[in-house]
Amino acid sequence: MSDTFYITTPIYYVNGTPHIGHAYTTIAADVVAEYMRMTGRPVRFLTGTDEHGQKVLEAAAKRGMTPKAHCDDMVVRWKAMMERLQIRYDRFIRTTDADHESVVTAVLQKLWDADEIYKATYTGWYSTSAERFWTEKDLVDGKCPDTGQPVTEITETNYFFRMGKYGEQLMAHIEANPDCIQPSSRRNEVLGFLRKGLGDLCISRPKSRMSWGIEMPFDPDYVTYVWFDALLNYMTGTGYHPESPAEGWDSWWPASAHLIGKDILTTHAVYWTTMLMAMGQPLPQTIYAHGWWIAGDGQKMSKSLGNTIEVDLLVECFGLDATRYFFLREIAFGADGTFSYEGFLSRYNVDLANDLGNLAHRGLSMTTKWLGGTVPPSSAPTDAEVALQALAASTVQTFDASMKGLQFHKALVAVSDLVGAGNKYVDAQEPWSLNREGKTERLQTVKRHVLELCYLAATLLLPVMPNKAAELLSKLGRTPDDARDSLRALLASGGSSALDGLVEGTAVTVGDPLFPRFREMPEPIAALFAAPEEEAPAEPQLSKRQLKKLKRQKKKAPPAPPERIEYADFAKVALKVGRVLEAEAHPDASKLLVLKVDVGEESPRQIVAGIRARFEPGDLIGRSVVVVANLAPAMLRGVESQGMLLAAGGTEVLDLVSVDAPPGEVVR
RNA sequence: GCCUAGGUAGCUCAGCUGGUUAGAGCACUCGGUUCAUACCCGGGUUGUCGGCGGUUCGAGUCCGCCCCUAGGCACCA
């Protein structure tokens, strides 16, 4: 059994912009990696960038650069993010790294030789804009359902990975290993997915269509599908290679944990694990899919700076350590969380300033004031000290178990509980009374315990808040290395040596409070909220998903009309005033209303309009509208529409065009 | 309409495989203390655990139906 700990983040898409989601995953990985290092386990922590694929190719072309040069340029921002967050990765892998390309090539060849990959021809509708195939029935009016762009029918030959044959085996594995996909709700999700049946996976792209990728070793006309390429980074990161593996690579494999966002669960839990099965490699111990940060009500952000604003702004205002603490403490890893600046401020003030920071400060200042500023000796523990010692020991146990289970939230609550007990202890022992009454020995014992408790808290928090914890250690006359030694000793002793890590007689320093309290929201954040609506139209902070949706909506928006048309073109459109007589919901579509509109003809027109999001049927009856009267009728989800209504609003309908004129009147 | 998550104190959320009077933090309030960053400690208030049925000796916890919210998918001439 290997004692090593190998943890990964997803490799991030190099074209993208680092945002809160990336920061979150990476901080979590960094914290657990650092904790494992502290406990003495050999650790490898891998992160990096995903650099192949169509969009990179296009972006590079737009800039007149080679794809690689473009990536070299883009990767800087990712490395900068890592630096800002003080991420202590062991390797930053890029899918364009030579060793990775070599691994991918060799793995493909091996799988090809083993008949795990086959060649097949099929016909489908390809959308260049969406980079994917659609079946006939997916298409909307013969166009790409995602982007609305034209599609072309392509008969194509590609290479397929025999993923389907591993479906049963994978289900059995997941059922036999409850921890292999976490949290458990995600595990059920994957099982549900597998029960529907697993097909084979297309893993190539013809170069004629897309050339930026790793060439298929057995066919120079193709490159590797980006996911197949990208997932293998986890193996490259160990030193694995089918032909020439680095010595000891298998001490790192299987990975202890792949941390991922819940959006890429299937690729990891299904594609990646079946790939490993085909490769004959053991499967990762845990794939942990965490949740998203959702913007709370009333959140605003700068429009131009995108989502990066959140993390950078938090770091700027509250410091990196507090930011790292907040992410891991505020919500359970795995669940979605609501983010608000007020919540952050409250968490900071309560946990860090009032409780932890203040405990340290009061402990240190009393020691300085009454005991000469050195770590005092302890003598004759009373029940209070015994109880504190027991709590300290159990805190270490809880913290360790929680960190191992990636339950950061629980680990940090345990520290908070310890700090709370420390504050309570001080109040109960009343060291100020002891000092007044000249009970020096007892005072020394109490102060020693308070300082020891701070030392333990700093020790446990070191992986989470490297700077602040080191600062606190320094105030106590200790170093991070001392803390690491202490932690190992604590774990070895089951926590019984807790509260015995300081050296009597060592000088302590009070200095400034560790976490200054914020009376009000820091200016740069407050400014976000104070900005006048007109000048900086506030946009809600968006989650990754919401952004995705927005992006798609933008793509779906009808293409801008030609800049200029002739009068003759306009004259082709017959616009008439209409009056809505009846309105009801479409029986089979939630966004559509079916209207009867009088346009001055013998019988009213039936018009189907996509305005349900804005109007209830009753809102419209009697309303005068403008109708495009000579539009060819169309069937909309089974109901005929004999015209359309003029409406204001781009992607979202804001209002209908109204006029004060009788039905049937021409609009020109 | 379909698919996923959820709906527990004013707010943010814990409540694992069903078991004593349903919890925490924040907020609020009363009291204590004064070493400390107007901080800390103690007490207190608030809940038809979304609704209705069901299984059970017993359900926030399991089952069914329904309602609502957030995402995703379809539809938006």
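Chain naming here is simple, since letters A, B, ... match the order of the sequence lines and numbering starts at 1 in each.
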Nearest-angstrom distance from the residue atom [atom1] of [X] to [atom2] of [N]:
X	N	atom1	atom2	answer
A:R329	B:rU12	CZ	C1'	11 Å
A:M644	B:rC76	CE	P	12 Å
A:F326	B:rU12	CZ	C1'	10 Å
A:L345	B:rA27	CG	P	11 Å
A:D355	B:rC41	CG	C1'	11 Å
A:L412	B:rG25	CG	P	17 Å

Whole-angstrom distance between [N] and [M], as gauged at atom [atom1]:
N	M	atom1	answer
B:rG60	B:rA9	C1'	14 Å
B:rA14	B:rU8	P	10 Å
B:rC40	B:rU4	C1'	46 Å
B:rU55	B:rC62	C1'	8 Å
B:rU48	B:rC11	P	11 Å
B:rG19	B:rG23	P	14 Å
B:rG71	B:rU61	P	27 Å
B:rG6	B:rG50	P	13 Å

For [N], which nucleotide is its Watson-Crick or G-U wobble mate, given both distances must be under 3.5 Å?
N	value
B:rA9	none
B:rG18	none
B:rC40	B:rG32
B:rC65	B:rG51
B:rA70	B:rU4

- What's the spacing between A:N358 CG and A:L352 CG if we round to 0.5 Å?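 Spacing of CG (A:N358) from CG (A:L352) equals 12.0 Å.
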With rounding to the nearest 0.5 angstrom, report the CG to CD distance, A:D512 to A:E471.
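Separation between the atoms: 8.5 Å.
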Working for salt bridge (Lys or Arg N to Asp or Glu O under 4.0 Å), residues A:E430 and A:K424:
CA-CA 10 Å; A:E430 300 185 26; A:K424 199 174 293 188; over 6 Å; no
For a quick check of understanding: with a heavy-atom distance under 4.0 Å over all strands, which category does A:L364 fall into, base, sugar-phosphate or nothing?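 Touches nothing.
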- How would you label the contact of A:G343 with the nucleic acid (heavy atoms, under 4.0 Å): base, sugar-phosphate, or nothing?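 Counting heavy atoms under 4.0 Å across all strands, no contact is made by A:G343.
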Next item on the list: With RNA chain B as reference, determine whether A:N349 or A:S346 sits nearer its 5' end, using the nearest nucleotide of each.
Entry: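 Looking at the nearest nucleotide for each, A:S346 comes out on the 5' side.
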So for atom CD, which belongs to A:E441, do other residues, nucleotides or ligands contribute more than 12 heavy atoms lying within a distance under 6.0 Å?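 No, CD of A:E441 has 12 or fewer neighbouring heavy atoms, counting only those of other groups under 6.0 Å.
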Original post:
Can you name the nearest heavy-atom pair linking A:V419 to A:L453, along with the distance?
Top reply: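 For A:V419 versus A:L453, the nearest heavy atoms are CA-CD2, 4.3 Å.
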Quiz item: Does a side chain donor of either A:R362 or A:N423 reach within less than 3.5 Å of an acceptor in the other side chain?
Solution: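 Yes, side-chain donor-acceptor contact under 3.5 Å.
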For A:S394 and A:Q397, test the side chains for any donor-to-acceptor distance below 3.5 angstrom and give the result as yes or no.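 Absent: no donor and acceptor within the cut-off.
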Enumerate the protein-to-nucleotides 30-36 of chain B contacts in which both atoms are nitrogen or oxygen and the separation is below 3.5 Å.
from   : atom 1 : to     : atom 2 : distance (Å)
B:rC35 : O3'    : A:K369 : NZ     : 3.1
B:rC35 : O2'    : A:S365 : OG     : 3.2
B:rC35 : O2     : A:R362 : NE     : 3.1
B:rC35 : N3     : A:R362 : NE     : 3.2
B:rC35 : N3     : A:R362 : NH2    : 2.5
B:rC35 : N4     : A:R362 : NH2    : 2.8
B:rA36 : OP1    : A:K369 : NZ     : 2.8
B:rA36 : O3'    : A:H361 : ND1    : 3.0
B:rA36 : O2'    : A:N358 : OD1    : 2.6
B:rA36 : O2'    : A:H361 : ND1    : 3.4
B:rA36 : N3     : A:N358 : ND2    : 3.3
B:rA36 : N3     : A:R362 : NE     : 3.3

When you check the gap from the basic side-chain N to the acidic O, do A:E582 and A:R605 get nearer than 4.0 Å?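 No, A:E582 and A:R605 are not salt-bridged.
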Any A:K424 side-chain nitrogen or oxygen under 4.0 Å from OP1 or OP2 of B:rC40:
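Result: no.
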